[in-house]
Participant: 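This is the structure I have questions about; it appears just below.
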Amino acid sequence: MPDFDRVQAGDPVELTGRVLSLRDASAARLAAAIRNGEPLPVPLAGQIVYAVGPSPAQPGQVIGSAGPTTTARMARFLPALFSAGVTAVIGKGELHGEDAAAFVRQGAIYLAAIGGLGALLAKRITAAAVVGYEDLGPEALYALDLQAFPVVVIIDRQGRNFHEEARAQWRR
Amino acid sequence: VAVPVRDLNVAVLRDAVARLLVESNYNIPPDILDALRGAIAREQSPLGRQTLEQLVRNYEIAAVERLPVCQDSGLAVVMLETGQDVHWIGGVLQEAIYSGIREGTSAGYLRWSVTGDPTRRLRMRGDESPAVIHADIVPGDAVRLTVASKGFGAENMSALRMFAPADGESAIGELVVETVDRAGANACPPIIVGVGAGGTFEAAALLAKKAVLRPLTIRHPRAELRDLEAALLERVNALGIGPQGLGGIVTALAVNIEVFPTHIAGMPVAVNLGCHSMRRATIEL
């Protein structure tokens, strides 16, 4: 994984290592468990979470299509996840205002993968296993091993927001 | 004069729905792929251009290896234009369509993305997989079937507003620009902007859906609406959002407008956004 202290908004980086999948239903359940002091299915300290609900693997595949989903829908649960130790979020789409400020306060990094790149990104996942909330189907918690998984840094530790900067730069 | 009725078995429809669902999820329509390839040459932002190249690469991989282009295989929208001389036999039409969606989702290894209960209170099996069905009765004895998979990244960013008649044509531009600006990267740009103007509240939304599903190569037959489509495309591409919100001049591939008569007291405008993976397929039965 890149050094999150050094990456800057707008940097394209490749991720190699293990991340945890996250989706609307699993994020809600994790946040509730953290709030209620209940045991978590997996430790979140130092975790990178990836907003994804993969399609089913075909025979011989590690995983089906596995591109990012919209992060903003889960933003309300992220402060709880940060308090439990999550250090970075991979997803797609924009975060502004309080949603973005929560990252900066916690020193968390926001990384955007390309939405609608599911077939290609599936090839950058070398292992996938359900590690919690199996009843949630595609929204279950998966441990995913990434190999040179392409993302762009959106919110860095200095609090820059690349979506906002890029828009300002290219607006005519 | 008695017109002969054409009997058509719903099993034919079921099988066609299943096949179109799978094929449209593996193969992006050629007009969209062409537009993306054309956008690579036009895009000035380096990150934007790289993103477009990756998208084209994704669609090539999906087609060759027969994979869903996106994990969000969407909520199926089935449009059925049925000739008034067609008589459906062999089962219940709606159940045949639902069965086709179920079969296609399973056989194509598509994600079960639909909850049977939007309140999330009922415990669902997960394969209820209804489709949103729009049926029109048309002259003749042919059936024209469109199956679209509507991903919700873009669907969530859509909008409808009831303007005043005095707002006129400028109401269309106002809602289009505001909606695309607010959607930003969330709608998975480069997007397709479907606009419905006129009718009633729900008619405007359906017009917008039909507009977003219209092939990019077809422009509106009315010259002034064709000009408006081009002008609005230029305005949304000036927003700077670019491919995936990484900055650039290709935010949308097309603005498609459909209109319908409306009340003298009203001006409903709906804007339905489609991501670059606008999966759709049409056949005649």
Side-chain angles (χ1 to χ4, degrees), chain A residues 9-12 21 23-25 28 51-59 61 63-73 91-96 112-123 135-139 150-154 161-172, chain B residues 25-26 28 44-45 47-48 50-51 54-55 57-73 105-106 108-113 115 120 126 151-154 156-157 181 183-189 237-249 251 275-277:
Chain A
D11 287 352
S21 76
R23 231 178 159 284
D24 303 71
V52 60
S55 57
Q58 297 181 19
Q61 283 183 327
I63 196 167
S65 284
T69 192
T70 307
T71 314
R73 291 197 318 268
K92 72 146 169 112
E94 302 185 24
L95 295 171
H96 303 287
I114 295 177
L117 205 67
L120 192 153
L121 290 177
K123 296 182 175 302
D135 59 300
L136 296 180
E139 298 192 85
V151 295
V152 173
V153 179
I154 302 298
N161 186 326
F162 187 66
H163 279 138
E164 293 175 2
E165 292 179 12
R167 218 190 257 234
Q169 184 190 342
W170 290 94
R171 190 184 286 266
R172 287 171 298 167
Chain B
N25 270 283
Y26 291 179
I28 209 70
Q44 296 164 10
S45 130
L47 267 180
Q50 284 166 31
T51 300
Q54 293 270 62
L55 293 179
R57 184 84 194 102
N58 182 65
Y59 292 139
E60 290 168 352
I61 290 173
V64 171
E65 302 189 19
R66 297 189 61 74
L67 302 169
V69 295
C70 181
Q71 73 288 339
D72 182 4
S73 37
T105 303
S106 178
Y109 292 87
L110 307 182
R111 193 179 71 184
W112 299 97
S113 299
T115 175
R120 272 83 173 169
F152 255 52
N156 276 339
M157 306 314 291
D181 195 38
N186 294 15
C188 274
N237 281 338
L239 289 171
I241 296 164
Q244 292 295 308
L246 299 174
I249 63 166
T251 298
C275 62
H276 58 79
S277 292

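Just so we're on the same page: letters track the sequence lines, and every chain starts at 1. All of these numbers come straight from a predicted model, not from anything done at the bench. Below, all heavy atoms of this structure are taken into account, side chains as well, without hydrogens, waters or symmetry copies.
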Participant: For the CG atom of A/Leu117 and the NE2 atom of B/His276, what is their distance to the nearest 0.5 Å?
Facilitator: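 NE2 of B/His276 is found 7.5 Å from CG of A/Leu117.
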Participant: Output the option from A/Ala166, A/Gly118, A/Ser55 having the highest count of non-hydrogen pairs under 4.5 Å with chain B.
Facilitator: A/Ser55
Participant: Is it the backbone or the side chain of A/Ala113 that comes under 4.5 Å from a heavy atom of chain B, or both, or neither?
Facilitator: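 Contact with chain B: backbone only.
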Participant: For A/Pro138, is there any backbone N or O sitting under 3.5 Å from a side-chain donor or acceptor partner on B/Arg111?
Facilitator: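 Between the backbone of A/Pro138 and the side chain of B/Arg111 there is no qualifying donor-acceptor contact (under 3.5 Å).
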Participant: I need the A/Thr70 OG1 to B/Asn186 CG distance, nearest 0.5 Å.
Facilitator: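 One finds 5.5 Å between OG1 of A/Thr70 and CG of B/Asn186.
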Participant: Using a 3.5 Å distance criterion without hydrogens, assess whether the side chain of A/Arg73 forms a donor-acceptor pair with backbone atoms of B/Gly153.
Facilitator: no
Participant: Under a 4.5 Å heavy-atom cut-off, does chain A meet the side chain of B/Asn25, its backbone, both or neither?
Facilitator: neither
Participant: If we ignore hydrogens and angles and just use 3.5 Å, is the side chain of B/Asn58 paired with the main-chain N or O of A/Gly116 as donor and acceptor?
Facilitator: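 Side chain of B/Asn58 to backbone of A/Gly116, a donor-acceptor pair under 3.5 Å: yes, one is there.
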Participant: Name all residues meeting the side-chain contact (heavy atoms from CB on, under 4.5 Å) criterion together with A/Glu165; count only those two or more places apart in sequence or in a different chain, and write none if there are none.
Facilitator: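 Only A/Arg160, A/Phe162 meet the side-chain contact (heavy atoms from CB on, under 4.5 Å) criterion with A/Glu165.
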Participant: Which region of A/Gln169, side chain (C-beta onward) or backbone (N, CA, C, O), has a non-hydrogen atom less than 4.5 Å from a non-hydrogen atom of chain B, or is it both or neither?
Facilitator: neither
Participant: Non-hydrogen atoms of chain A under 4.5 Å away: do they reach the side chain of B/Leu110, the backbone, both or neither?
Facilitator: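 The backbone, not the side chain.
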Participant: Among B/Ser277, B/Cys188, B/Pro243, which has the most heavy-atom pairs under 4.5 Å with chain A?
Facilitator: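 Most heavy-atom pairs within the cutoff with chain A belong to B/Cys188.
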Participant: Does any heavy atom of chain B fall under 4.5 Å from the side chain of A/Ala112, the backbone, both, or neither of them?
Facilitator: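 Neither the backbone nor the side chain of A/Ala112 comes within 4.5 Å of chain B.
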Participant: For B/Leu47 and A/Val152: C-alpha separation, side-chain torsions, deciding distance, then whether side chain to side chain contact (heavy atoms under 4.5 Å, CB included) applies.
Facilitator: CA-CA 9 Å; B/Leu47 267 180; A/Val152 173; 4.3 Å; yes
Participant: Select, from B/Gly184, B/Ala62, B/Ala183, the one with the greatest count of heavy-atom pairs under 4.5 Å involving chain A.
Facilitator: B/Gly184
Participant: Taking the side chain from A/Arg167 and the backbone from B/Asp181, do they hold a donor-acceptor pair closer than 3.5 Å?
Facilitator: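 Side chain of A/Arg167 to backbone of B/Asp181, a donor-acceptor pair under 3.5 Å: yes, one is there.
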Participant: Against chain B, label A/Ala66 side chain, backbone, both or neither, depending on which of its atoms sit under 4.5 Å from a heavy atom there.
Facilitator: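 It is the backbone, since no side chain atom gets that close.
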Participant: When you compare the side chain of A/Gln61 with that of B/Leu67, does any pair of heavy atoms fall below 4.5 Å?
Facilitator: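 Yes, at least one pair of side-chain atoms sits under 4.5 Å.
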Participant: Let's test your reading of the structure: which of B/Thr251, B/Asn237, B/Ile241, B/Asp72 forms the most heavy-atom pairs below 4.5 Å with chain A?
Facilitator: B/Ile241
Participant: When you measure from the side chain of B/Gln54 to the backbone N and O of A/Pro150, does any donor-acceptor pair fall under 3.5 Å?
Facilitator: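 Answer holds: no.
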Participant: For A/Gln58 and B/Pro68, which heavy atoms make the closest approach, and how far apart are they?
Facilitator: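 Nearest pair, atom of A/Gln58 first, then B/Pro68: NE2-CD, 4.2 Å.
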Participant: Please flag which part of B/Arg120 lies under 4.5 Å from any non-hydrogen atom of chain A: side chain, backbone, both or neither.
Facilitator: neither
Participant: Can you find a heavy atom in the side chain of B/Ile61 that is under 4.5 Å from one in the side chain of A/Lys123?
Facilitator: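 Answer yes - side chains close enough.
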Participant: Measure distances from B/Gln44 to the heavy atoms of chain A and classify the residue's part below 4.5 Å as side chain, backbone, both or neither.
Facilitator: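 Answer is both: backbone and side chain atoms of B/Gln44 are under 4.5 Å from chain A.
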Participant: Check whether B/Gln71 reaches the backbone of A/Gly64 with its side chain - one donor and one acceptor, N or O, closer than 3.5 Å.
Facilitator: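 Not a single qualifying donor-acceptor pair exists.
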Participant: For A/Arg171, look at atom CZ and say whether over 12 heavy atoms of other residues, nucleotides or ligands are found less than 6.0 Å away.
Facilitator: yes
Participant: For residues A/Pro56 and B/Tyr109, report the shortest heavy-atom separation together with the two atoms involved.
Facilitator: CD-O, 3.3 Å
Participant: Do A/Ile154 and B/Leu246 come within less than 4.5 Å of each other through their side chains, counting heavy atoms only?
Facilitator: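 Result yes, sub-4.5 Å side-chain heavy-atom pair found.
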Participant: Counting only non-hydrogen atoms closer than 4.5 Å, does A/Pro12 touch chain B with its backbone (N, CA, C, O), its side chain (CB onward), both, or neither?
Facilitator: side chain
Participant: State, to 0.1 Å, how close B/Gly245 and A/His163 come at their nearest heavy-atom pair, and which atoms those are.
Facilitator: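 Looks like O-CD2, 3.0 Å.
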